[in-house]
Every structure is written in structure tokens, then in C-alpha cells.
Number of protein chains: 2
Amino acid sequence: MAKHDPDLSLLFHALSDPTRRSILTRLAEGPARVTELADPTGLRLPTVMRHLSVLEEAGLIATAKDGRVRTCALVPEALTPVRTWLDDQRAIWEARLDRLEDYVTKLMKERSQ
Amino acid sequence: MAKHDPDLSLLFHALSDPTRRSILTRLAEGPARVTELADPTGLRLPTVMRHLSVLEEAGLIATAKDGRVRTCALVPEALTPVRTWLDDQRAIWEARLDRLEDYVTKLMKERSQ
DNA sequence: ATCATGCTTAGCCATGTCTCTAACTATACT
DNA sequence: AGTATAGTTAGAGACATGGCTAAGCATGAT
């Protein structure tokens with residue numbers, strides 16, 4: 001299968017880890033430095049760094065280094081493709097439901113004649 | 001970090017693969033048997049089976065076997081937790097924006113005095 | 001200049017993922 | 001009964017992931 005949506009795959013993969021989701025939730029309340037993010041996870045710094053780079057490569061966060069401190073911030077628009085995919089999926093599903101409804105309606109009309 | 005949301009992890013992981021997403025999109029148009037789903041992927045049956053069981057374990061599809069044919073169907077409500085998580089995330093983000101706005105408003109008031 | 005802080009790099013290990021082939025089972029067709 | 005069809009199981013191989021330790025490198029504080 002062609003990988004038509006590398007973005008979506010990256011995004012969903014980034015979101016599939018509880019640690020990464022908790023980092024995002026934390027960041028939703030405001031930017032934070034690396035150590036600050038690592039602290040509540042109970043994980044070692046290099047491990048958290050890895051999570052952060054997964055998030056950054058997915059475009060979910062942006063980071064910048066000032067002096068020796070790296071500050072991380074959420075990129076809220078990054079979730080748009082996910083939302084869009086969900087909406088599209090629901091749209092197709094609903095279209096199908098509509099067609100099914102039409103079909104049932106048609107059946108009932110035919111029956112009532 | 002405690003894994004408070006095994007469901008979400010399963011769901012996001014299931015959605016992180018293009019093949020699996022394409023299967024879901026196909027299923028959104030109506031139920032299908034395994035071979036039918038395998039066909040357009042260009043993958044071997046066992047591989048597709050694996051994808052299907054990932055989708056099933058995440059609760060995204062339901063399958064039933066009739067004779068030697070297994071039919072797969074979408075479970076559209078399964079996406080609800082994902083949608084909820086996205087909404088929650090956005091809510092926190094917007095709350096933060098509001099607080100920021102309040103702060104700015106306050107600053108401006110102070111300044112104008 | 002020295003030391004502490006904050007991050008980064010390198011490399012290891014166990015486990016998980018995605019794909020395959022080969023062989024098997026169970027159901028339908030003739 | 002014999003053959004084709006639809007799926008399943010088992011297992012292998014290549015690579016990714018998530019965690020770690022140990023060592024390195026800037027930058028800020030004294």
C-alpha cells in the first residue's frame with residue numbers, strides 16, 4: 001500500500017505513546033524546558049529527549065534553545081490533519097448510513113404500493 | 001508515567017499505519033471479507049490478517065465468520081475516545097489562550113491608568 | 001578557573017512491528 | 001471423493017521502539 005499520508009502516520013504514531021501524550025497535555029498549559037517535562041515522567045533525560053524528537057518530527061511541538069536551556073512549546077495546528085481525517089472518516093460513514101436509509105425508504109415505498 | 005489510557009494507545013497505534021487506515025476507509029463504505037480487504041493492499045493474506053487483528057484489538061472493527069468467509073465491519077463509535085482526547089486537548093489549549101488574553105487585558109488596563 | 005547545570009551523543013539491550021513463506025484446516029463445489 | 005477456495009498458524013528476518021548507562025559539551029554561577 002502506498003504511504004500517501006506520511007504525516008498522518010507520524011502523527012498517529014507520536015500520539016500512540018502515553019508518555020508523549022502526557023507531555024503534550026503538560027505543554028498545552030504552556031511552554032516548558034526539557035527537565036521540567038522529564039521530571040513527572042520518571043524517565044531518564046535521554047529517553048525523554050527521544051520522545052521529544054518524535055513529537056517534534058511529527059510537528060506537534062517546536063523547540064528552541066536559549067543558552068543551555070531548551071524550551072518546548074505545543075504547535076496546536078499540528079493536530080488539524082488528525083481531526084480532518086477523523087471528520088472525513090465520519091463523513092464517509094455517514095454517507096453510507098444515508099444511502100442505507102435511502103435504500104430502506106425505497107424498500108418501504110415499494111412495499112406500501 | 002502511568003499508562004492511564006491503554007485504549008488510546010491501542011487506538012492511535014492502530015491508526016498509525018497507512019494500510020490499516022486504508023482498510024478502515026474501505027470498510028467505511030460497507031462490510032467486506034478478508035480477501036476483499038487484502039486485494040488492494042498488495043500484501044499477503046497473513047500480513048493483512050495481522051493488520052485486521054490489530055484493528056480488532058483496538059475495537060475499530062468487528063469480524064464474524066460464516067462458513068469459511070470472515071466478514072469485517074467498522075465499529076464507528078470506536079473512534080470516540082480519540083475524538084474526545086482531541087477535544088480535551090483543544091479545550092486545555094483554549095483555556096490557556098483565554099488566560100493569556102486575560103493577562104494581556106489586565107496588563108493593558110494597568111497601563112492605561 | 002572551577003564547578004554545577006542542562007542538555008546531548010553514543011551505544012547497549014529487550015521487545016515489538018511488519019513483512020514474508022510454507023504448511024495447515026475447514027468449507028464449498030463437482 | 002477429490003479439488004478449489006478462504007482463512008489460519010507457525011516461524012523467520014529486518015528493522016524500529018523504548019528504555020537504560022556512561023560519557024561529553026556547552027553555558028551559567030562563584
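Residue numbers start from 1 in every chain, and the chains themselves are labelled A, B, ... in the order their sequence lines are given, proteins ahead of strands. For clarity, every value in this text was computed on a predicted model and none was experimentally measured.
For A/Asp39, there are no side chain to side chain donor-acceptor pair (under 3.5 Å) partners two or more places apart in sequence or in a different chain. Shown here are the side chain to side chain donor-acceptor pair (under 3.5 Å) partners of B/Ser53, two or more places apart in sequence or in another chain: there are none. For A/Arg44, the side chain to side chain donor-acceptor pair (under 3.5 Å) criterion is met by no residue, not counting sequence neighbours. Contacts of B/Glu57 classified as side chain to side chain donor-acceptor pair (under 3.5 Å), with partners at least two apart in sequence or in another chain: none.
Relative to the side chain of B/Pro46, the nucleotides D/dT17, C/dT21, C/dC18 differ in distance, and C/dT21 lies closest. For A/Met49, the side-chain atoms get nearest to C/dT8 when compared with the rest of C/dT21, C/dT8, C/dC18.
One interatomic measurement links the two molecules: CG of B/Leu55 to C1' of C/dC18, which rounds to 14 Å at whole-angstrom precision. As rounded to whole Å, 13 Å separates atom P of D/dA6 from atom CG of B/Leu37. Look at CZ on B/Arg50: it is 15 Å from C1' on D/dA14, rounded to the nearest Å. Atoms CG (A/Leu10) and C1' (D/dA16) sit 13 Å apart, rounded to a whole Å. Nucleotide D/dA16 holds its P atom 18 Å from the CG atom of A/Asp17, rounded to whole Å. Rounded to whole Å, the distance from CG on A/Leu43 to P on C/dG6 is 18 Å. If you measure from atom CG of B/Leu15 to atom C1' of C/dT17, you get 16 Å, rounded to the nearest angstrom. Atom P of nucleotide D/dG19 and atom CG of A/Leu52 are separated by 12 Å, given to the nearest angstrom.
Between the side chains of B/Ser9 and A/Arg21, at least one donor N or O sits under 3.5 Å from an acceptor N or O.
Within residues 57-70 of chain B, the residues that place at least one heavy atom under 4.0 Å from DNA chain D are, in residue-number order, B/Lys65, B/Arg68, B/Val69, B/Arg70.
Close to D/dG19, at under 4.0 Å from its OP1 or OP2, lies a side-chain N or O of A/His51.
The 5' end of DNA chain D is approached more closely, in terms of each residue's nearest nucleotide, by A/Ser16 than by the other of A/Ser16 and A/Arg44.
Residue pairs meeting the salt bridge (Lys or Arg N to Asp or Glu O under 4.0 Å) criterion with at least one member in residues 68-83 of chain B, sequence neighbours excluded: A/Asp87-B/Arg83.
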